[in-house]
Amino acid sequence: MTEAFYARAVHEVARDLVGCVVRNGRAAGRIVEVESYHQTEPACHAFVGLTTRTSTLFGPPGRAYVYRSYGIHALLNAVAEAEGVGAAVLIRALEPVEGLDEMRARRGLERAEDLCSGPGKLTQALGIGLELNASSLVDGAMRIEPRPTGTAPPRLAVGPRIGITKAADLPWRFCDADSRCVSRPWPGPMRARGRAA
DNA sequence: CATGGGATTGACT
DNA sequence: GTCAATCCCATGC
């Protein structure tokens, strides 16, 4: 996927990333859940402006923003919008498609549904660490590949983002409505019919 | 230089 | 349902 794919409104990038494939070496998984973050809104790390931590967010689109959460987990984002604008798409869950043995070894689990069903889980399963911060997702060792040709666009479920305390009302979480690998079950009646990418 | 919070997870009551 | 683990980094003295 080209850099131009990421140089668009972060919410469009988020929707279009559902169904794409995150790969790191032989381990790969299909994206089934994402959230978008933008500098104009306080839940986004870039809200505080340009700092050491947020420099990747303000950098060129199509790079990875990887940071440590709760001192324990690495979380993976795809930087979006034009350089100079702080925005990114948090990858929250994958459906494992290749390298399941590697994932099971790293996670110490067997069930495929549990390997990548959370933002901290998927980075552990794919072996994604902080050293990959600011690396390219277009042609790097870790990259995001387009949906396999011929596959239909997923049905999208849209709702508020998870696990944040600020701007928790914004409906910027996008899930594959038909996947069982999402990080948290969908609340219920708030389903939106998906759109083609 | 010291402090506090956080886009989570897994174990336990 | 509750709760601790653990560390980067922004902020404030």
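Quick note on labels: first sequence line is chain A, next is B, and so on, each numbered from 1.
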Between A:Q39 (side chain) and A:V85 (backbone), is there a donor-acceptor pair under 3.5 Å? no
(Q) If stacking means aromatic ring centre less than 5.5 angstrom from the base's six-membered ring centre, planes under 30°, is A:Y37 stacked on B:dA7? (A) yes
From the candidates B:dA7, C:dT11, C:dC7, the one with an atom nearest any side-chain atom of A:Y67 is B:dA7
In Watson-Crick or G-U wobble terms, with both distances under 3.5 Å, the base opposite C:dC9 is B:dG4
Here the distance between atom C1' of C:dA10 and atom NZ of A:K166, to the nearest Å, is 11 Å
Regarding the side chain of A:T165, the nearest nucleotide among B:dG6, C:dA10, C:dC8 is B:dG6
*Within the distance-only criterion (no hydrogens, no angle test), does the side chain of A:R173 pair as donor or acceptor with the backbone N or O of A:R161 below 3.5 angstrom?*
no
Using Watson-Crick geometry (N1-N3 plus N6-O4 or O6-N4) or G-U wobble (N1-O2, O6-N3), each under 3.5 Å, B:dT9 is paired with C:dA4
d(A:L76 CG, A:I91 CD1) to nearest 0.5 Å is 5.5 Å
Quick note, A:P119 side chain, CB onward, closest among B:dA7, B:dT9, B:dG10 is B:dT9
Among B:dG10, B:dA7, B:dG6, the one nearest any side-chain atom of A:R107 is B:dG10
Donor-acceptor under 3.5 Å (A:T54 side chain, A:L57 main chain): no
In whole angstroms, the gap separating C1' of B:dG10 from CG of A:L115 amounts to 15 Å
A:F58 CZ to C:dA10 C1', in whole Å, measures 14 Å
A:K121 atom NZ is separated from B:dG10 atom C1', nearest whole Å, by 9 Å
- Tell me what A:R161 touches on the nucleic acid: a base, only sugar-phosphate, or nothing, going by heavy atoms under 4.0 Å. nothing
message: Checking the side chain of A:R107 only, and the main-chain atoms of A:D114 only, is there a donor and an acceptor separated by less than 3.5 Å?
response: yes
A:F47 atom CZ is separated from B:dA7 atom C1', nearest whole Å, by 16 Å
Looking only at C:dA5, B:dA7, C:dC8, the nucleotide nearest the A:I72 side chain is C:dA5
note: A:Y65, atom OH; B:dG6, atom P; distance rounded to Å ~ 14 Å
key: Phosphate contact (C:dC9 OP1 or OP2) by A:T52 side-chain N/O below 4.0 Å   = no
When rounded to whole Å, the NE2 to C1' distance for the pair A:H73 and B:dG6 reads 13 Å
Whole-Å distance, A:I128 CD1 to B:dT8 P, equals 16 Å
